[in-house]
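Note: hydrogens, waters and symmetry copies are ignored here, and every other heavy atom, side chains too, is used. Fair warning: this is a prediction, and the values are worked out from it, not measured in the lab. All residue numbers refer to positions in the sequence shown, counting from 1.
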Amino acid sequence: MGAPRYDIESFLAQISINKQMEIIRTVAELQKKLETARQNGSIGLVPTMGALHAGHKSLVDRARVENDTVVVSVFVNPTQFNNATDLATYPRTEEADRAMLEACGADYMFAPTVEEIYPEPDTRVFELGAVAEVMEGAMRPGHFNGVAQIVSKLFAFTRPTRAYFGEKDFQQIAVIRKMAELEGFNDLKIVDCPILREADGLALSSRNIRLTPEQRTVAPAISLVLRSSLIWAKELSLKEVKNKVIATLNMFPFMDVEYFEIVDAHTMQPIGEWTDSDCPVGCITCYCGEVRLIDNIKYPCAV
């Protein structure tokens, strides 16, 4: 009989998953660890604010496949909140986060204190341009500047080969690309990853755990109405689709649409006609009770 056959790739993957993940609290220790790791290959960064779920797991899984070393930051960034209550109630689940990241095979969990990241106030103001002035930028003044502050710091600390972000925060990805251009992170590849959803269509979000049981049964209406709008777009004007999405969602209990805009996927600027963009995206923010939920949908390039 011949020698037994081994699945080498599976064996190596199992070794990776079984190795011990390290929790790092300081920038100095992170940079020391990554200086050594950088000599051995690529580094993948997954920035998060914790309260990790399957959507985050999908980012870490992709980073694990595509890089030699994987770093996941877990940090609730105060400078991107313009609502003190929202900051105070944002879920913090470090032990559960640690367990998930270990199971995913992450190498390092970077979980610093606020004082470690901001030993002094960050007074930088980023000229992010039009991509940051609409939708979330208009509704949450200062939010995207805070995002640019923390993500630029994480990029500088880790000097990653690739950084991974979920498309649920569609506008945020455009803002981060702009910040990376401004700050000269020219060799960094920003990887956008598809939205993960619950079986009923609700986009995975750390905020979902704040929904009451009754609100949780209604929240999937957001994705249901967005999917319905794909059909409406075949017969209705862009303005009619916008109005119908807002009116339909507002008929549901607990629901209050803050905005629904159909924008160009590259510029984030609202469009007036379907023909104004070769890649229209519908971006929505809707309150379900007190919980602010976001989602988006891509329309066919030729509606």
Side-chain angles (χ1 to χ4, degrees), residues 13 16-26 30 33-34 43-67 69-81 86-114 116-117 143 146-147 150-151 153-155 157-158 160 162-170 172-173 176 190-211 216 219-220 223 288 291-296:
S16 174
I17 290 174
N18 286 340
K19 68 183 179 182
Q20 186 70 33
M21 181 186 73
E22 294 186 53
I23 299 177
I24 298 177
R25 303 288 183 181
T26 69
L30 178 70
K33 295 285 186 181
L34 293 185
I43 295 173
L45 171 67
V46 183
T48 83
M49 291 207 299
L52 304 182
H53 50 64
H56 297 106
K57 180 180 182 300
S58 70
L59 304 183
V60 180
D61 287 344
R62 182 163 175 181
R64 179 74 280 166
V65 169
E66 296 179 350
N67 300 278
T69 299
V70 175
V71 182
V72 182
S73 63
V74 174
F75 178 70
V76 180
N77 175 45
T79 71
Q80 70 189 69
F81 287 83
D86 198 19
L87 173 61
T89 58
Y90 198 89
R92 292 160 172 84
T93 58
E94 185 176 301
E95 280 305 305
D97 295 344
R98 178 195 58 74
M100 174 181 284
L101 294 179
E102 283 186 340
C104 291
D107 296 289
Y108 302 110
M109 171 177 159
F110 180 48
T113 63
V114 172
E116 179 67 18
I117 296 297
H143 168 67
V147 170
I150 183 58
V151 177
K153 281 177 174 284
L154 292 172
F155 285 177
F157 297 157
T158 59
R162 302 174 186 87
Y164 296 81
F165 299 90
E167 285 190 339
K168 182 173 69 69
D169 297 296
F170 194 83
Q172 178 174 279
I173 296 175
I176 289 169
I190 295 172
V191 183
D192 48 318
C193 302
I195 299 173
L196 250 64
R197 299 182 180 277
E198 300 282 5
D200 56 13
L202 179 64
L204 291 177
S205 171
S206 301
R207 298 174 189 270
N208 292 350
I209 62 174
R210 293 175 51 200
L211 296 167
R216 178 61 186 81
S223 62
C288 186
V291 183
R292 191 173 186 270
L293 302 175
I294 65 173
D295 205 340
N296 61 76

Donor-acceptor pair, side chain of D192 and main chain of F165, under 3.5 angstrom | no
Can you tell me how far OG1 of T69 sits from CZ of R64, rounded to the nearest 0.5 angstrom?
-> 7.0 Å
Closest non-hydrogen atoms of E167 and N296, given as atom of the first, atom of the second and distance, are O-ND2, 2.9 Å
Could you go through the side chain to side chain contact (heavy atoms under 4.5 Å, CB included) check for N208 and L293 one step at a time?
-> CA-CA 8 Å; N208 292 350; L293 302 175; 3.5 Å; yes
Sequence neighbours left out, what passes side-chain contact (heavy atoms from CB on, under 4.5 Å) with D169? Give chain and number order.
-> Q172, I294
In Å, rounded to the nearest 0.5 Å, how long is the span from CD1 of I43 to OG1 of T158?
-> 7.0 Å
To the nearest 0.5 Å, atom OG of S73 lies from atom CG of L154 at 4.5 Å
If you take all heavy atoms of F155 and L45, which pair is closest and at what distance?
-> CD2-CD2, 3.8 Å
Do the side chain of N77 and the main chain of G146 share a donor and acceptor less than 3.5 angstrom apart?
-> yes
dist I23:CD1 -> E94:CD (nearest 0.5 Å) comes out at 6.0 Å
Whether K153 side chain and I117 backbone form a donor-acceptor pair below 3.5 Å | yes
Search all heavy atoms of I24 against all heavy atoms of T26 and return the closest pair with its distance.
-> CG2-O, 3.4 Å
Shortest non-hydrogen pair, K168 vs I195, comes out as N-CG1, 3.4 Å
Which pair of non-hydrogen atoms, one from R197 and one from S223, has the smallest distance, and what is that distance?
-> NH1-CB, 3.6 Å
D200 side chain to A219 backbone, donor-acceptor under 3.5 Å = no
Measure the CG-NZ distance between L196 and K57 for me, rounded to the nearest 0.5 Å.
-> 9.5 Å
Would a distance-only check, ignoring hydrogens and angles, find a side-chain to backbone donor-acceptor pair under 3.5 Å from D97 to L52?
-> yes
Taking the side chain as C-beta and beyond, is there a heavy-atom pair between F75 and E116 under 4.5 Å?
-> no
Thinking salt bridges, do R98 and E102 make one under a 4.0 Å N-O criterion?
-> yes
Check: R92 side chain, Y90 main-chain N or O, donor-acceptor pair, under 3.5 Å | yes
Heavy-atom check, side chain of L204 versus side chain of E198, under 4.5 Å = yes
Point-to-point distance, once rounded to the nearest 0.5 Å, from CG of L59 to OG1 of T48 | 9.0 Å
Of all heavy-atom pairs linking M100 and H53, the shortest is SD-O, 3.7 Å
Return the set of residues passing side-chain contact (heavy atoms from CB on, under 4.5 Å) with P91 (not counting sequence neighbours), or none when no residue passes.
-> A51, S206, I209
With sequence neighbours left out, the residues meeting side-chain contact (heavy atoms from CB on, under 4.5 Å) with N67 are S42, A63, T161, R162, Y164
Is there side-chain contact between V71 and L30, with at least one heavy-atom pair below 4.5 Å?
-> yes
